[in-house]
Amino acid sequence: MKLYFSILFTLLIISAGCEDTKKTTDLKDANPQETSVDSLEIVKNDTITDESEFPEITNENIVSFLTEYGKKNPETSVLISTKQGDVEIELYKDTPLHRANFIYLVKQKYFDETYFHRIVPNFIIQGGNADDYAVPKFRSKIGGNYLIPAEINGRKHEYGSVTGAKEYRENPDKKTMPFEFFIFLGPLSSSSHLNGNYTVFGKVSKGMDVVEKIANLPRSEDEWPKQNVNIKASIIQ
(Lines give C-alpha, C1' and ligand atoms only; values in the text may rest on other atoms or scores of the structure.)
Protein backbone atom coordinates (compact mmCIF):
# COMPACT_ATOMS: atom_id res chain seq x y z
CA MET A 1 0.00 0.00 0.00
CA LYS A 2 2.84 2.42 0.83
CA LEU A 3 4.41 1.68 -2.55
CA TYR A 4 1.08 2.45 -4.30
CA PHE A 5 0.74 5.88 -2.66
CA SER A 6 4.41 6.67 -3.35
CA ILE A 7 3.96 5.95 -7.08
CA LEU A 8 0.69 7.93 -7.20
CA PHE A 9 2.33 10.95 -5.49
CA THR A 10 5.24 10.90 -7.94
CA LEU A 11 2.88 10.80 -10.95
CA LEU A 12 0.88 13.75 -9.57
CA ILE A 13 4.04 15.87 -9.21
CA ILE A 14 5.17 15.13 -12.77
CA SER A 15 1.70 15.88 -14.14
CA ALA A 16 1.54 19.20 -12.30
CA GLY A 17 4.94 20.20 -13.65
CA CYS A 18 3.93 19.54 -17.27
CA GLU A 19 0.63 21.39 -16.83
CA ASP A 20 2.46 24.42 -15.44
CA THR A 21 4.79 24.43 -18.43
CA LYS A 22 1.98 24.53 -20.96
CA LYS A 23 0.23 27.36 -19.15
CA THR A 24 3.29 29.59 -18.95
CA THR A 25 4.03 29.70 -22.66
CA ASP A 26 2.13 31.74 -25.20
CA LEU A 27 3.92 30.72 -28.38
CA LYS A 28 2.18 27.36 -28.82
CA ASP A 29 -0.37 29.00 -31.10
CA ALA A 30 2.32 29.75 -33.69
CA ASN A 31 2.26 27.36 -36.65
CA PRO A 32 5.75 26.01 -37.31
CA GLN A 33 4.56 24.61 -40.66
CA GLU A 34 4.36 28.16 -41.98
CA THR A 35 8.07 28.75 -41.49
CA SER A 36 11.12 27.82 -43.54
CA VAL A 37 14.79 28.59 -43.16
CA ASP A 38 16.15 30.01 -46.45
CA SER A 39 37.83 30.20 -23.67
CA LEU A 40 36.08 33.14 -22.03
CA GLU A 41 36.55 33.87 -18.31
CA ILE A 42 33.30 33.17 -16.47
CA VAL A 43 32.15 34.61 -13.17
CA LYS A 44 30.75 31.53 -11.50
CA ASN A 45 28.29 32.15 -8.71
CA ASP A 46 29.10 29.15 -6.54
CA THR A 47 26.67 30.14 -3.82
CA ILE A 48 23.12 31.35 -4.16
CA THR A 49 22.52 34.82 -2.75
CA ASP A 50 20.93 34.81 0.68
CA GLU A 51 17.16 35.13 0.17
CA SER A 52 16.92 37.65 3.00
CA GLU A 53 19.03 40.12 0.98
CA PHE A 54 16.26 40.67 -1.57
CA PRO A 55 12.49 41.04 -1.18
CA GLU A 56 9.97 38.87 -3.00
CA ILE A 57 9.30 40.47 -6.38
CA THR A 58 5.72 41.57 -6.92
CA ASN A 59 3.85 43.62 -9.50
CA GLU A 60 3.92 46.48 -7.02
CA ASN A 61 7.68 46.61 -6.44
CA ILE A 62 9.04 45.18 -9.69
CA VAL A 63 9.98 48.48 -11.36
CA SER A 64 11.71 49.94 -8.31
CA PHE A 65 13.44 46.65 -7.48
CA LEU A 66 14.76 45.92 -10.98
CA THR A 67 15.74 49.56 -11.54
CA GLU A 68 17.86 49.58 -8.40
CA TYR A 69 19.20 46.08 -9.02
CA GLY A 70 20.15 47.03 -12.56
CA LYS A 71 22.20 49.99 -11.34
CA LYS A 72 24.23 47.73 -9.05
CA ASN A 73 24.51 44.87 -11.56
CA PRO A 74 25.32 46.38 -14.98
CA GLU A 75 26.41 43.16 -16.73
CA THR A 76 25.19 42.60 -20.27
CA SER A 77 26.79 39.28 -21.28
CA VAL A 78 25.60 35.80 -20.31
CA LEU A 79 26.85 32.32 -21.19
CA ILE A 80 24.27 29.55 -21.57
CA SER A 81 25.96 26.14 -21.41
CA THR A 82 24.37 22.87 -22.54
CA LYS A 83 25.59 19.40 -23.51
CA GLN A 84 25.10 20.46 -27.12
CA GLY A 85 27.47 23.42 -26.70
CA ASP A 86 27.60 27.02 -25.48
CA VAL A 87 25.53 30.04 -26.44
CA GLU A 88 26.63 33.59 -25.64
CA ILE A 89 23.95 36.25 -25.19
CA GLU A 90 24.31 40.03 -25.25
CA LEU A 91 21.58 41.89 -23.35
CA TYR A 92 20.34 45.28 -24.54
CA LYS A 93 20.74 48.30 -22.28
CA ASP A 94 17.60 49.96 -23.64
CA THR A 95 15.45 47.18 -22.10
CA PRO A 96 16.71 47.79 -18.55
CA LEU A 97 14.00 45.92 -16.65
CA HIS A 98 14.35 42.78 -18.76
CA ARG A 99 18.14 42.96 -18.62
CA ALA A 100 18.15 43.32 -14.83
CA ASN A 101 15.61 40.53 -14.43
CA PHE A 102 17.65 38.15 -16.58
CA ILE A 103 20.88 38.96 -14.73
CA TYR A 104 19.07 38.52 -11.40
CA LEU A 105 17.80 35.06 -12.37
CA VAL A 106 21.25 34.04 -13.59
CA LYS A 107 22.88 35.13 -10.33
CA GLN A 108 20.18 33.38 -8.30
CA LYS A 109 20.94 30.23 -10.37
CA TYR A 110 17.31 29.90 -11.37
CA PHE A 111 18.12 28.80 -14.92
CA ASP A 112 20.40 26.03 -13.64
CA GLU A 113 17.24 24.19 -12.57
CA THR A 114 15.69 24.41 -16.05
CA TYR A 115 15.90 23.19 -19.64
CA PHE A 116 15.39 24.34 -23.17
CA HIS A 117 11.96 22.80 -22.84
CA ARG A 118 10.38 23.69 -26.18
CA ILE A 119 11.93 23.33 -29.62
CA VAL A 120 10.38 24.21 -32.98
CA PRO A 121 12.74 23.75 -35.94
CA ASN A 122 13.03 26.82 -38.18
CA PHE A 123 11.26 28.95 -35.57
CA ILE A 124 12.37 29.08 -31.90
CA ILE A 125 13.89 27.29 -28.95
CA GLN A 126 12.46 28.24 -25.56
CA GLY A 127 14.13 27.90 -22.16
CA GLY A 128 13.44 28.50 -18.50
CA ASN A 129 11.12 25.68 -17.48
CA ALA A 130 11.25 22.01 -16.54
CA ASP A 131 8.89 19.19 -15.60
CA ASP A 132 10.23 19.24 -12.06
CA TYR A 133 8.52 20.34 -8.86
CA ALA A 134 11.64 22.34 -7.92
CA VAL A 135 10.94 24.91 -10.67
CA PRO A 136 7.54 26.25 -9.47
CA LYS A 137 8.92 26.13 -5.94
CA PHE A 138 11.93 28.25 -7.00
CA ARG A 139 9.66 30.67 -8.85
CA SER A 140 7.51 31.08 -5.78
CA LYS A 141 10.53 32.03 -3.66
CA ILE A 142 11.64 34.67 -6.18
CA GLY A 143 8.12 36.00 -6.80
CA GLY A 144 5.87 33.63 -8.69
CA ASN A 145 3.20 36.09 -9.82
CA TYR A 146 5.02 39.13 -11.17
CA LEU A 147 5.15 40.21 -14.81
CA ILE A 148 7.67 42.55 -16.46
CA PRO A 149 6.31 45.70 -18.13
CA ALA A 150 6.81 45.65 -21.90
CA GLU A 151 9.97 47.33 -23.29
CA ILE A 152 9.36 46.71 -26.98
CA ASN A 153 11.09 49.86 -28.30
CA GLY A 154 10.16 49.13 -31.92
CA ARG A 155 12.77 46.37 -32.15
CA LYS A 156 11.89 43.51 -34.52
CA HIS A 157 12.78 39.84 -34.34
CA GLU A 158 15.86 38.82 -36.26
CA TYR A 159 17.92 35.65 -36.48
CA GLY A 160 19.28 35.13 -32.95
CA SER A 161 16.95 37.55 -31.14
CA VAL A 162 16.40 36.74 -27.46
CA THR A 163 12.85 37.50 -26.37
CA GLY A 164 10.72 37.24 -23.25
CA ALA A 165 7.80 34.80 -23.39
CA LYS A 166 4.29 35.94 -22.53
CA GLU A 167 2.17 34.17 -19.94
CA TYR A 168 -1.10 34.49 -21.85
CA ARG A 169 -2.37 35.86 -25.14
CA GLU A 170 -5.05 38.17 -23.71
CA ASN A 171 -2.42 40.56 -22.46
CA PRO A 172 -3.15 44.11 -23.70
CA ASP A 173 -0.14 45.55 -21.85
CA LYS A 174 2.13 42.95 -23.53
CA LYS A 175 3.84 42.16 -20.24
CA THR A 176 6.53 39.48 -20.11
CA MET A 177 6.47 36.26 -18.15
CA PRO A 178 9.80 36.69 -16.31
CA PHE A 179 11.10 33.14 -16.10
CA GLU A 180 11.10 32.00 -19.73
CA PHE A 181 12.79 33.27 -22.88
CA PHE A 182 13.06 32.14 -26.48
CA ILE A 183 15.68 32.46 -29.19
CA PHE A 184 14.30 33.22 -32.63
CA LEU A 185 15.83 31.38 -35.60
CA GLY A 186 13.05 31.44 -38.14
CA PRO A 187 12.89 33.61 -41.23
CA LEU A 188 11.58 37.15 -40.96
CA SER A 189 8.35 36.01 -42.62
CA SER A 190 7.48 34.04 -39.47
CA SER A 191 7.99 36.97 -37.08
CA SER A 192 5.05 39.21 -37.98
CA HIS A 193 2.89 38.03 -35.05
CA LEU A 194 5.83 38.49 -32.66
CA ASN A 195 6.96 41.98 -33.65
CA GLY A 196 5.37 44.62 -31.50
CA ASN A 197 3.91 42.04 -29.11
CA TYR A 198 6.97 40.61 -27.36
CA THR A 199 9.99 42.35 -25.85
CA VAL A 200 13.28 41.55 -27.58
CA PHE A 201 15.87 42.14 -24.86
CA GLY A 202 19.02 40.60 -26.31
CA LYS A 203 20.68 38.67 -29.10
CA VAL A 204 22.91 35.64 -29.51
CA SER A 205 26.42 36.95 -30.10
CA LYS A 206 27.99 33.50 -30.52
CA GLY A 207 26.66 29.96 -30.78
CA MET A 208 23.76 30.03 -33.24
CA ASP A 209 25.07 26.73 -34.58
CA VAL A 210 24.33 25.30 -31.13
CA VAL A 211 20.85 26.88 -31.18
CA GLU A 212 20.19 25.21 -34.54
CA LYS A 213 21.45 21.90 -33.19
CA ILE A 214 19.11 22.09 -30.20
CA ALA A 215 16.18 23.11 -32.42
CA ASN A 216 16.60 19.97 -34.51
CA LEU A 217 16.82 17.45 -31.66
CA PRO A 218 14.16 14.71 -31.57
CA ARG A 219 11.01 16.06 -29.93
CA SER A 220 7.62 14.87 -28.76
CA GLU A 221 4.26 15.97 -30.14
CA ASP A 222 4.04 18.75 -27.54
CA GLU A 223 7.42 20.10 -28.74
CA TRP A 224 9.43 19.01 -25.69
CA PRO A 225 12.83 17.48 -26.52
CA LYS A 226 12.79 13.74 -25.96
CA GLN A 227 15.98 14.15 -23.93
CA ASN A 228 16.35 17.01 -21.47
CA VAL A 229 18.49 19.93 -22.63
CA ASN A 230 19.74 21.15 -19.26
CA ILE A 231 20.85 24.76 -18.89
CA LYS A 232 23.73 26.27 -16.93
CA ALA A 233 23.87 30.06 -16.98
CA SER A 234 26.81 32.25 -15.95
CA ILE A 235 27.79 35.89 -16.21
CA ILE A 236 30.60 36.55 -18.71
CA GLN A 237 33.27 38.82 -17.22
Side-chain angles (χ1 to χ4, degrees), residues 39-57 61-117 124-130 132 134-135 137-139 141-144 146 148-149 151 153 155 160-165 176-185 199-211 213-214 228-237:
S39 134
L40 292 170
E41 183 180 358
I42 306 303
V43 178
K44 295 183 178 179
N45 306 297
D46 294 325
T47 58
I48 297 177
T49 304
D50 185 354
E51 292 177 24
S52 62
E53 184 176 343
F54 299 114
E56 178 182 351
I57 304 177
N61 70 8
I62 180 174
V63 173
S64 59
F65 173 78
L66 290 180
T67 298
E68 185 63 24
Y69 186 84
K71 292 177 181 178
K72 297 179 180 179
N73 298 268
E75 298 92 344
T76 58
S77 299
V78 172
L79 179 73
I80 303 293
S81 298
T82 73
K83 289 183 178 180
Q84 284 68 38
D86 294 342
V87 178
E88 295 175 24
I89 294 175
E90 287 295 323
L91 305 176
Y92 296 134
K93 294 181 180 180
D94 64 353
T95 53
L97 299 180
H98 285 72
R99 185 200 64 79
N101 180 78
F102 201 76
I103 293 296
Y104 181 67
L105 294 182
V106 171
K107 290 190 175 184
Q108 292 295 307
K109 290 190 174 293
Y110 166 76
F111 291 118
D112 294 0
E113 302 291 334
T114 69
Y115 320 139
F116 278 111
H117 61 280
I124 61 118
I125 65 172
Q126 186 162 330
N129 209 338
D132 189 325
V135 172
K137 185 177 180 180
F138 206 151
R139 291 183 180 188
K141 287 183 178 180
I142 292 173
Y146 75 98
I148 308 174
E151 297 176 299
N153 296 342
R155 186 175 281 116
S161 291
V162 179
T163 303
T176 298
M177 195 277 181
F179 299 105
E180 296 182 29
F181 65 97
F182 62 90
I183 300 174
F184 181 74
L185 46 80
T199 296
V200 179
F201 64 90
K203 66 178 180 180
V204 173
S205 57
K206 184 177 180 181
M208 280 303 294
D209 58 326
V210 176
V211 174
K213 183 178 179 181
I214 293 171
N228 292 337
V229 183
N230 297 74
I231 290 173
K232 290 288 184 182
S234 301
I235 305 299
I236 297 176
Q237 189 174 31

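Because the structure is a prediction, the values reported are computed rather than measured.
- Counting only residues at least two apart or on different chains, no ring-ring contact (aromatic ring centres under 6.0 Å, His included) pair has a member in residues 72-97.
- In this structure, NE2 in His117 is found 11.5 Å from CG in Asn228, a value given to the nearest 0.5 Å.
- For the pair Phe116 and Phe181, the minimum side-chain heavy-atom distance is below 4.5 Å.
- Residues that satisfy the side-chain hydrogen bond (donor to acceptor under 3.5 Å, both in side chains) test with Asn230, not counting sequence neighbours, are absent from this structure.
- With contacts defined as side-chain heavy-atom distances shorter than 4.5 Å, the pair Glu90/Ser77 qualifies.
- Ile235 is listed as a side-chain neighbour of Val106, based on a closest heavy-atom distance under 4.5 Å.
- Here Tyr110 and Tyr104 keep their ring centres 6.0 angstrom or further from each other.
- Residues satisfying the side-chain hydrogen bond (donor to acceptor under 3.5 Å, both in side chains) criterion with Asp86, sequence neighbours excluded, are Ser81.
- In this structure, the separation between OG1 on Thr76 and CD1 on Ile89 is 12.0 Å, given to the nearest 0.5 Å.
- In this structure, the separation between NZ on Lys109 and CD1 on Ile231 is 13.5 Å, given to the nearest 0.5 Å.
- Between the CD1 atom of Ile57 and the CD1 atom of Ile62 there is a distance of 6.5 Å, given to the nearest 0.5 Å.
- In this view, Lys72 and Glu68 satisfy the salt bridge (charged side-chain N to carboxylate O under 4.0 Å, His left out) rule, not counting sequence neighbours.
- Tyr146 has its ring centre less than 6.0 Å from the ring centre of Phe179.
- Scanning both residues, Val211 and Ile125, for their nearest heavy atoms gives CG1-CD1, 3.7 Å.
- In this structure, CZ in Phe54 is found 12.5 Å from CG in Asn61, a value given to the nearest 0.5 Å.
- For Glu75, the salt bridge (charged side-chain N to carboxylate O under 4.0 Å, His left out) partners two or more places apart in sequence, or in a different chain, are Lys107.
- The minimum heavy-atom distance linking Pro149 with Val63 is given by the pair CG-CG2, 4.1 Å.
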Next on the checklist: Checking Arg139 against Glu113 for the salt bridge (Lys or Arg N to Asp or Glu O under 4.0 Å) test, could you report, in this order, the C-alpha distance in whole Å, the side-chain angles of both residues, the deciding distance, and whether it holds?
Outcome noted: CA-CA 11 Å; Arg139 291 183 180 188; Glu113 302 291 334; over 6 Å; no

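- When the side-chain contact (heavy atoms from CB on, under 4.5 Å) test is applied to Thr199, the partners found at least two apart in sequence or on another chain are Thr95, His98, Ala150, Glu151, Ile152, Thr176, Phe201.
- When atom types are taken as modelled, the side chain of Asn153 and the backbone of Arg155 share no donor-acceptor pair closer than 3.5 angstrom.
- Proximity of Glu180 to Thr114: side-chain heavy atoms (C-beta onward) are nowhere separated by under 4.5 Å.
- Between the CE atom in Met177 and the CD1 atom in Ile148 there is a gap of 9.5 Å [rounded to 0.5 Å].
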